[in-house]
Amino acid sequence: MTESKPNDYKSDVKPIWCPGCGDYAVLTALMRAFAQLGTPREMIAIASGIGCSSRFPAFLNTYGIHGIHGRALPLATGTKLGRPELTVVAVGGDGDGFSIGGGHIPHAARRNVDITYIVMDNSIYGMTKGQPSPTSPEGIVSKAAPYGSQERPLNPVLLALAYDTSFVARCFSGKLKEMVNVLVEALQHPGFSLIQVLSPCVTFYNTYEHYREITQPLPDAHDPGDRLAAMALAMETATQYLGVFYRDTSRPLYSQRFEEVQTRAPKATLEDIFKRMIV
Amino acid sequence: MTESKPNDYKSDVKPIWCPGCGDYAVLTALMRAFAQLGTPREMIAIASGIGCSSRFPAFLNTYGIHGIHGRALPLATGTKLGRPELTVVAVGGDGDGFSIGGGHIPHAARRNVDITYIVMDNSIYGMTKGQPSPTSPEGIVSKAAPYGSQERPLNPVLLALAYDTSFVARCFSGKLKEMVNVLVEALQHPGFSLIQVLSPCVTFYNTYEHYREITQPLPDAHDPGDRLAAMALAMETATQYLGVFYRDTSRPLYSQRFEEVQTRAPKATLEDIFKRMIV
Amino acid sequence: MQEDNPTIVIRVAGEGGEGTITLGDLLTRVAAYSGLEVYSFRTYPAEIRGGQVMYQTRLGLSRVMTEGDEANVLVAMNRQAWLDERGDLCQGAALIYEATVDIADDTHSHYPVPAEAIAQSLDWPIGKNFALLGALTWFFRFDPDTAETLVRQRMQRHAESLEKNLAAMQRGYAYARETYPEPFPFNLAAPGKPAERILLSGADAMALGALAAGCTFYAGYPITPATPLMESMARYLPAFDGTLVQVEDEIAAINMAIGASFAGRRAMTATSGPGLSLMVEGLGLASMAEIPLVVVNVQRAGPSTGLPTKTSQGDLFLALYGGHGDAPRFVLAPDSVKDCYFQTIYAFSLAERFQMPVIVLSDQAMAARMETTPLPGTPWNGPLERITPTAEELQGDYRRYAYTENGVSPMSHPGVPDGMYLAESLEHDEHGYPDQTPQTHQRMMQKRANKVEAARQMLADWRMTSRRWGDRDAPFGIMGWGSTRGAVREATQRLQSYGIPVEAIYPHTLLPMPDSAIADFISSKRAILVPELNFSGQFGRMIEHRYYHQLDELNVHIYQLKKEQGVPLKVREIVDAAVSMINNERQQWEAKHGEMARIFEVVAGLAHNTGGRRD
Amino acid sequence: MQEDNPTIVIRVAGEGGEGTITLGDLLTRVAAYSGLEVYSFRTYPAEIRGGQVMYQTRLGLSRVMTEGDEANVLVAMNRQAWLDERGDLCQGAALIYEATVDIADDTHSHYPVPAEAIAQSLDWPIGKNFALLGALTWFFRFDPDTAETLVRQRMQRHAESLEKNLAAMQRGYAYARETYPEPFPFNLAAPGKPAERILLSGADAMALGALAAGCTFYAGYPITPATPLMESMARYLPAFDGTLVQVEDEIAAINMAIGASFAGRRAMTATSGPGLSLMVEGLGLASMAEIPLVVVNVQRAGPSTGLPTKTSQGDLFLALYGGHGDAPRFVLAPDSVKDCYFQTIYAFSLAERFQMPVIVLSDQAMAARMETTPLPGTPWNGPLERITPTAEELQGDYRRYAYTENGVSPMSHPGVPDGMYLAESLEHDEHGYPDQTPQTHQRMMQKRANKVEAARQMLADWRMTSRRWGDRDAPFGIMGWGSTRGAVREATQRLQSYGIPVEAIYPHTLLPMPDSAIADFISSKRAILVPELNFSGQFGRMIEHRYYHQLDELNVHIYQLKKEQGVPLKVREIVDAAVSMINNERQQWEAKHGEMARIFEVVAGLAHNTGGRRD
Ligand SMILES: Cc1ncc(C[n+]2csc(CCOP(=O)(O)OP(=O)(O)O)c2C)c(N)n1
Ligand SMILES: Cc1ncc(C[n+]2csc(CCOP(=O)(O)OP(=O)(O)O)c2C)c(N)n1
Ligand code: SF4
Ligand code: SF4
Ligand SMILES: [Mg+2]
Ligand SMILES: [Mg+2]
């Protein structure tokens, strides 16, 4: 394990984010986590969709793929299965992840594919300049909804738990140290991990103050092995708990399962197969 | 309310389903429910995607749209918003609904759009001849997965609850009377209702016996107003409870919200708008 | 400059964060309200906030057709702006800039304004752009009260900052008036009270067209540069008892719109390239189940995510051919802000009358453009209605997909007693029930295709499917589509001013093509320039393909001007391409001609030698 | 009948539930194992289970090229089968059928077999089809042991039913031998030990081609008729340490394959029309980020859900043009089961070498077809490798998207030290970082397009991009693509047997087109027939478009034979179309010729009158 510093993972591309954007903290936290784990840069692949948050991969000097809107998880899954020894991280926003990309999460969870999915949730579409997102509070007013939005917000942590995601956590860009710790854990977690990061959009929906008030660490008493308890805590929305809601390390890794199948499968060459077809 | 009999809703198209397919029961149950409610045929629209179960609309002589794979909910939502006085039912299979169409359910739930969504869940892809579906048990063997599938099944009722669906129920094709009652309730429910029907595929994955053994009615004690309790019961998978897991009638209807916005909005003609643009 | 119409091209450049776009936009409005004609173009920053942006607005006494090429006036918020834009200035331009910016230049006239200092003095640093607005109001001799009114309108919701900004504006105005009393080099004699006009954006034009056509349902997903259209619909629809849903993705958008149309509403969605790619399957459903649907595609530069904020015309092939199987559809191409209004109305007419999906192709430049235009009248012939079944048809055995002469079958909708039917994505019989027999399939394919021919007929009679101008039957022509028309119109004028006769045509319906109009145009030409904003020259290829028999028979040559850089065509680029086309033709002609001359020479010689002999 | 090769066309028809397909399939296998060449076609029922189906198999002594038009032998499981198929029988066909079915006919010879009774006698009602298999074994004088062996293989997993079925088969055989001792009217002299051959399906051919090309990753979503390919990959991949994922939808499929390819694997997905429509956006990503990818599209009849189990060639335009912006790609079209193997290998070669998406177009008929074919050798030139960066390039400032002559830049992948880069869907610079400047965009568009030209070059050298046969430089030609080749080959033979010289060409790469080969073909022709299985004649239109200059210059006429009925082209249909094309040309020619004759006549006359005068 090589000694490394957070900035070793930084590319020369200056983030295009607005000053004060919550995503800076996530970038810093992830670089620190990598440094702490000493993961070699060439063994890291970051996959993302489209959005402010999805611009993320360009700011790291690891491997990265900045794909199309909503497809961070399929891209990340393919990358991981293509080269299981990699550390694969999927990143994106609440729109990218819970709106257009929402259909992919349950299947990543079913597979328990070994990737870390960080959703920078600002409850808004930042890149397209401020439309309501699936996590926006009911009634939020914008040019796209001048009379206020009419949908209830989704509860990302609760969804992830219902999907039986094997590692579920919530962080806040205003709490960097805590985020680093959670990310370190998530990166080491064997299986699919989903981290909702409350990451305010200072330009179109600044929620820093609000989150400072309503966030607090999960009760020490909480047992991350208890999925139902985790759900109960997730359903409390007046207070937004931070930390690891749920963790199940007992499940087999998706990529291992394929290796297992490959060993079970009777080896054969193309010639063998053709021979069997000879009439 | 006109007097009507179940067969009044039947079209002259003979179902293309295999003899014994669980979907026949769902067809019968829905026709009985319509008859019980005396809903006029012309006020009913059935929307579906693609699959054996999705062939459903052709067998009723109401309005119907047999659309494309996975899009029953967007089609149904558009139909309902286009003409709120209609009774709109979306139907389809577990593949159509939870695989390719899975991304639409949370948003239908957020909107609480007033449609009834019946998922005929046979834990298999029937139409394409027996591939594993998102609700197939782990390890199921088929030509598409000769070494056994490697994904955990999703828990439809639990998902629906996590999405805050305002009416969530489970039925079984082997229990027709119960299904009729649930459907009558669902059709009357103000808001989005999701009904998972255990509807075996006798040809590719016959689960009748299995379900006869493991299904039982929800405990009388269960309060359908208690979402967490409903989740707890949904998480019991060894026994599959049948009945109404959750019900919340307090939420406003999506179509009503638009009417409310329309009344709030200052009326204007095209001329008025153009006038405001005159320089 | 438009030959017949003196104009001033003003380019405002600076950081997004410095209120550059606001300044450009307000200046445009003040000019419009002062009775001038305007036409604007704006870029978007690649960054989310900040980043250099440019807003170009062009003022004229009569109708302005493009944003213009070189700027007469540069308003530079910072030094970068000067560096970026100095290459695009005309001879002796006027430079108006923040005084602290040092600009070493002696080819242009300088008008520094201490905008930052003024803003500071009000300790209102972000007031810089308003100080400049004040100065500009003086330079162009606009009425400061007009300016104030417009600022007040614009800033209603931000009372606190309003006063500060007004103050900054007043000081800017005062400073300029004291410092630069002499007349400003670029000025347009204030016109008399002009005819009634409106200031309209391409996005609004389409929204209003949709409302005029009776659209009451919109489902959409945000995407640059189509979002402004969705936002306009969100603002207007409720007043018309309409419904707008922001959905989870483009697939939901198109299917929800199809559902609403199935239920009897006039429904639409709008998107840009990536979204249109996702809608391909839905387009096929609308085509197969014969459900009216309008899809606006505001093009941006691709492929893939590409250049999301930059303009292009690269989605033509996708619009024409994007579908599995042979799924008929219509494709329209408005060619000006005003035309965006009418083509949207026609789109609904075609969708409803022929029960088909209609794709309307706009682009970033046209959607974001502000243009002064006369109040559009109501279209003489639209909006057309759906053909619905008669009482008799409903009483009898109603066949939703009945075979008819033109392929259009009466369409009922949920709620209509006895009109029940199945809208089917499988091949189906006349009732809509699945039917997979070879005969039915072939026949239904023909039925659906017939609707396109019927539409071609109907449109030909409309005689509104293309716009043609210039010197009737000139040997050299220009054929284009969509938002490039303004530039081409100005180019034709310039060529004419050079004494070169030229004629141009812009079809508005690209599918079906107005074949008779195009054929007539081609028949009089020797060479045609086809300019467009994409890499492979999609429209030119389509023209060559569709009319190759005629082109080859008459030996008419097609020249393509392809540009794919994310920015609009310049008038100069078109003029240059036309001139080199004509030069090229000249050489070919002379080659031939020279040969002819030689032959005549010889013949003449012969004639002479044998002249007058009679035996 | 193929002129040079006597064949027997056997059509087995009945309910899906009666084991009709199993019977057809086993009969085909028995024939193949008995040394005959076979070529089969099957339909699928519209219903999920049951419903009438048809399995046609054709036996020959040498290579068989199509399933044949009329059947020589009909095997009818029930009365409906007789009613459906009687129209498609040749003169004096042999009718083999369940004895209880009453068939009033005296134009054919009858061979009733009490299959149901036999099955009942074993109280094994579903053994009916095996009883008939036994009878067929006798009629064609196949070795009953061969038949038994194959049945045993097929039924390994169902021991219980195996014995019952074998019993039914034996009794069927015995019955036929006793009842019909005389030689069967249709019989092929058992050949000597034939050359080594395999019995291959189109789906397997593609799967094995993928493995031969080193494919180790497959992501797919079930869809008829592409599912068999996924199932073959599922069976074979693990043995090659490959990974197959059944994903949630086609969008996930293509993006997962892109991810795996980005990680360095040779990756593919397969689908049919509706799925390809959903993959359009992903294709653009692979094109823009320059990631190798193979997408197989097994065509079925559209539009929309259309006729899911029926064959068509209606997705050509979608494959060629389906994408926003100008997104380069390759499109290949294998034209036989064996060619499915090779073209799949070439697809990976092109994808990997040029870092682009490659679409391979198959169809339902070709994918489900069983064909005897010689063991395919290894392709002389494939599979090509990815160009990876050298150690120096990695040490230096590695530029993933470096501008190069042919547009191909060295590609590294995660895990390679110092090879780190950003795969970018936005327009980007040589490093992959977003760059939205006009210059970069134009240049990168050119770079990506250059790869297509480079590929065109390379393929031209391969000289394997098209197949051409027939009478060299005959004035009449046939040009087609994909699975119709067998029928066209037989049609050319039949035309030749009529004494009509004809030549045919089938390009295998439709994008890029093998222009030189096509141009050479056209240059010798007067008229070309373009048969294809879609409504609008997509390939014919593309040919007209691409070669119109040459076509018009040489005055070569294109005739289109368009068929969109969900069933393959019949040899007869092609022959008829060719004959009417030639007739049409004859009339034109005679019109001209007649006129000439008249003129010569006149001239001759003149000559005569003025003959010999000298003043
Ligand atoms: C297919 C497609 N649809 C829409 C868009 C436009 N678009 C770009 S980013 C985005 C949403 C961004 O929101 P989010 O994912 O929350 O990221 P944020 O900018 O808030 O960080 C949208 C709708 C697109 N690029 N592609
Ligand atoms: C876009 C698209 N992808 C794939 C298919 C093929 N397909 C048809 S039905 C089906 C799944 C059917 O499973 P389910 O929804 O569970 O319905 P069931 O047949 O089991 O009732 C699939 C994958 C399709 N028609 N369209
Ligand atoms: S717009 Fe919002 S989300 Fe985007 S960079 Fe700025 S602050 Fe962050
Ligand atoms: S295949 Fe299965 S799901 Fe389909 S009709 Fe038959 S039994 Fe029902
Ligand atoms: Mg967001
Ligand atoms: Mg199913």
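Since the model is a prediction, treat every value here as computed from it, not as a measurement. By convention in this document, chain letters (A, B, ...) are assigned in the order of the sequence lines, proteins followed by strands, and residues within each chain are numbered from 1.
Options D:Gly323, D:Gly275, D:Gly314 differ in how many heavy-atom pairs under 4.5 Å they form with chain C, and the most are formed by D:Gly323. The choice from D:Arg448, D:Met445, D:Glu427 that makes the most heavy-atom pairs within less than 4.5 Å of chain C is D:Met445. Taking chain D as the reference chain and counting heavy-atom pairs below 4.5 Å, the highest number among C:Asp326, C:Leu316, C:Leu283 is found for C:Asp326. Heavy-atom pairs under 4.5 Å with chain D peak, among C:Ser304, C:Gly302, C:Gly282, at C:Ser304. Your options are D:Pro438, D:Ser425, D:Pro328, D:Gly322, and the one with the most heavy-atom pairs under 4.5 Å with chain C is D:Ser425. If you tally non-hydrogen atom pairs under 4.5 Å between each of C:Gln299, C:His428, C:Gln442, C:Glu553 and chain D, the highest count goes to C:Gln442. Per-residue counts of heavy-atom pairs under 4.5 Å with chain D were compared for C:Gly284, C:Ala327, C:Gly306; the largest is that of C:Gly306. Comparing C:Thr440, C:Asp552, C:Val280, C:Leu551 by how many heavy-atom pairs each has under 4.5 Å with chain D, the most go to C:Asp552.
Using a 4.5 Å cut-off between heavy atoms, D:His549 contacts chain C through both its backbone and its side chain. For chain C, no part of D:Ser312 is nearby; none of its heavy atoms comes within less than 4.5 Å. Interface remark: C:Arg546 contributes no atoms to any contact with chain D (heavy atom separation under 4.5 Å). The part of D:Gln538 that comes within reach of chain C is its side chain, from C-beta onward, which places non-hydrogen atoms under 4.5 angstrom from that chain. Heavy atoms closer than 4.5 Å to chain D are found in both the backbone and the side chain of C:Pro308. Heavy atoms closer than 4.5 Å to chain C are found in the side chain of D:Ile251, but not in its backbone. In this structure, the portions of D:Leu307 lying under 4.5 Å from any heavy atom of chain C include both its backbone and its side chain.
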Exercise for the section: Begin with the C-alpha distance, continue with both residues' side-chain angles, and end with the deciding distance and a verdict on side-chain contact (heavy atoms from CB on, under 4.5 Å) for D:Val298 and D:Thr271. Expected result: CA-CA 6 Å; D:Val298 184; D:Thr271 187; over 6 Å; no

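Taking 4.0 Å as the cut-off between side-chain N and carboxylate O, C:Arg300 and C:Asp363 do not count as a salt-bridged pair. Salt-bridge check for C:Glu573 with C:Lys563: passed, with a basic side-chain N closer than 4.0 Å to an acidic carboxylate O.
In this structure, C:Met444 CE and C:Asp435 CG are separated by 8.0 Å, a value rounded to the nearest 0.5 Å.
The ring-ring contact (aromatic ring centres under 6.0 Å, His included) search around D:Phe317 returns C:Tyr321, D:Tyr321, not counting sequence neighbours. Take C:Phe535 and apply the ring-ring contact (aromatic ring centres under 6.0 Å, His included) test, not counting sequence neighbours, and it matches no residue.
Cation-pi geometry between C:Arg541 and C:Phe539 is not met: the NZ or CZ atom fails to fall both under 6.0 Å from the ring centre and inside 45° of the normal.
Counting only distance, with no hydrogens or angles, the side chain of C:Asp315 and the backbone of D:Gly325 share a donor-acceptor pair below 3.5 Å.
D:Gln565 and C:His441 are not linked by any side-chain donor-acceptor pair at a separation below 3.5 angstrom, with hydrogens and angles left out of the test.
With C:Ile254 as the partner, the side-chain contact (heavy atoms from CB on, under 4.5 Å) test is satisfied by one option alone out of C:Leu278, C:Asp249, C:Leu276, C:Leu293: C:Leu293.
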